[in-house]
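To start, the structure itself, in structure tokens.
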Amino acid sequence: MSAHLIVSDLDGTLLGADHALADDTVAILRALAARGHHIALASGRHYRDILAFRDRLGVDAHIISTNGAYTHAPDDTLLEARHVPAELARELIDLPRPDAVRLNLYHDDEWVIDAEAPTLLALHAHTGFGYRVVAPERLAAEGVGKVLYIGEPGHLAELEGEVRRRTGERLHVTYSMGNSLEIMAGGVNKGTALTALLAQLEIPAERCLAFGDNLNDTEMLALAGEAHIMANGHPELDARLPEARRIGHHDEAAVARHLAERFAL
């Protein structure tokens with residue numbers, strides 16, 4: 001059997017509503033890895049945040065993190081890092097925003113935030129990953145993989161419009177959730193990272209199975225020969241990816257169920 005690359009988003013896709021991996025998901029991905037297939041985890045999460053899920057899977061998985069800004073090999077070797085240009089990161093840090101909108105930066109080794117936001121930590125309860133609070137005027141603009149604004153959708157829409165007006169195509173702007181506006185360097189997304197990984201593994205896109213649920217998965221799903229949108233996925237994905245297949249809900253281990261059927265496990 002020819003080796004395939006199976007790449008999946010985490011939250012809303014491979015993880016359940018409790019932001020954990022189901023036992024069935026772990027068993028199926030281990031079985032596929034044992035058959036010689038390649039596994040990759042592709043998420044907006046920080047690399048250090050994703051490591052706990054790879055450890056739980058117990059497979060040699062590649063990690064595409066921070067929406068494609070970083071790619072790591074199974075042995076933790078950094079394969080690629082693409083940062084937001086420092087002058088643009090500084091502009092985003094200084095951009096006026098409502099008091100309720102939290103500014104977050106993902107640097108190479110840490111997550112920093114402009115003020116305490118303990119409710120955000122629930123998403124990371126299974127990994128123990130957390131932020132460091134830094135006053136906005138002291139936030140470093142160098143080595144930033146992603147700028148993340150978290151707040152009410154209406155506030156984020158206004159910020160998005162201003163960012164696009166100021167920077168044009170110099171930045172890649174997307175959403176991972178309705179309250180999470182994510183900004184990377186121009187051309188940085190899960191799809192471009194996946195393109196490079198497929199080339200390194202010498203696997204054609206036709207033998208790539210991809211799973212996702214939100215707008216930041218668009219480019220990755222568009223590239224894969226077999227693209228899958230979760231039942232709970234963003235409604236706009238159907239129009240963006242008319243050839244993608246809708247499968248079950250993330251809280252019912254639908255990725256694992258589909259893979260078990262697809263590979264006759």
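Since the model is a prediction, treat every value here as computed from it, not as a measurement.
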State, to 0.1 Å, how close [X] and [Y] come at their nearest heavy-atom pair, and which atoms those are.
| X | Y | result |
| --- | --- | --- |
| Thr25 | Ala253 | OG1-CB, 3.9 Å |
| Leu10 | Ser43 | CD1-CB, 3.8 Å |
| Ala224 | Ala210 | CB-CB, 3.5 Å |
| Ser180 | Leu148 | CB-CD1, 3.9 Å |
| Cys208 | Val7 | SG-CG1, 3.8 Å |
| Ala239 | Pro242 | O-CD, 3.6 Å |

Any heavy-atom pair between the side chains of [Y] and [X] that's under 4.5 Å?
| X | Y | value |
| --- | --- | --- |
| His62 | Leu79 | yes |
| Ile183 | Val84 | no |
| Asn214 | Thr174 | no |
| Val173 | Thr167 | no |
| Met184 | Arg82 | no |
| Ile113 | Leu120 | yes |
| Ile50 | Tyr70 | no |
| Leu51 | Ile63 | yes |

Considering only distance and modelled atom types, tabulate donor-acceptor pairs under 3.5 Å from the side chains of residues 193-202, sequence neighbours left out.
from, atom 1, to, atom 2, distance (Å)
Thr195, OG1, Gly191, O, 2.9

Are a donor atom and an acceptor atom from the side chains of Asp108 and Tyr47 found within less than 3.5 Å of each other?
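The answer is no; no qualifying pair exists.
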Could I get the full list of side-chain hydrogen bond (donor to acceptor under 3.5 Å, both in side chains) partners for [X], not counting sequence neighbours?
| X | value |
| --- | --- |
| Thr127 | Asp49 |
| Asp99 | none |
| Glu182 | Asn67, Lys146, Ser176 |
| Arg170 | none |

In one Ile/Leu/Val/Met/Phe/Trp/Tyr side-chain cluster, 4.5 Å: [X], [Y]:
| X | Y | result |
| --- | --- | --- |
| Leu32 | Leu5 | no |
| Leu139 | Val101 | yes |
| Leu181 | Leu88 | yes |
| Val26 | Leu41 | yes |
| Leu223 | Leu209 | no |

Does any pair with a residue in residues 154-211 pass ring pair (Phe, Tyr, Trp, His ring centres under 6.0 Å), and if so which ones, sequence neighbours excluded?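 Found Phe211-His228, Phe211-His258.
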* **Candidate pair Arg166 and Leu95, rule side-chain contact (heavy atoms from CB on, under 4.5 Å), full reasoning** => CA-CA 10 Å; Arg166 291 185 181 212; Leu95 187 68; 3.4 Å; yes
Side chains of residues 129-138: which donor-acceptor partners sit under 3.5 Å, not counting sequence neighbours?
from, atom 1, to, atom 2, distance (Å)
Tyr131, OH, Glu116, OE1, 2.7
Tyr131, OH, Ala117, N, 2.9
Arg132, NE, Glu110, OE1, 2.9
Arg132, NH2, Glu110, OE2, 2.8

**Sidechain N-carboxylate O distance under 4.0 Å for Arg90, Glu87** = no
Ionic contact status for Arg164 with Glu160, cut-off 4.0 Å:
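Yes, Glu160 and Arg164 are salt-bridged.
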Donor-acceptor check, side chain of [X] to backbone of [Y], threshold 3.5 angstrom: yes or no?
| X | Y | value |
| --- | --- | --- |
| Asn232 | Gly12 | yes |
| Arg257 | Gly248 | no |
| Arg30 | Leu57 | yes |
| His4 | Arg207 | no |
| Asp213 | Met230 | no |

Applying side chain to side chain contact (heavy atoms under 4.5 Å, CB included), can you list everything that pairs with [X], at least two apart in sequence or on another chain?
| X | answer |
| --- | --- |
| Asn179 | Ile150, Met177 |
| Ala20 | Asp18, His126 |
| Asp109 | none |

Side chain to side chain donor-acceptor pair (under 3.5 Å) pairs touching residues 184-194, sequence neighbours excluded, are Asp9-Lys190, Lys190-Asp217
Please list all pairs meeting salt bridge (charged side-chain N to carboxylate O under 4.0 Å, His left out) that have one or both residues in residues 218-241, counting only residues at least two apart or in different chains.
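Qualifying pairs, neighbours excluded: Glu226-Arg262, Glu236-Arg240, Asp238-Arg246.
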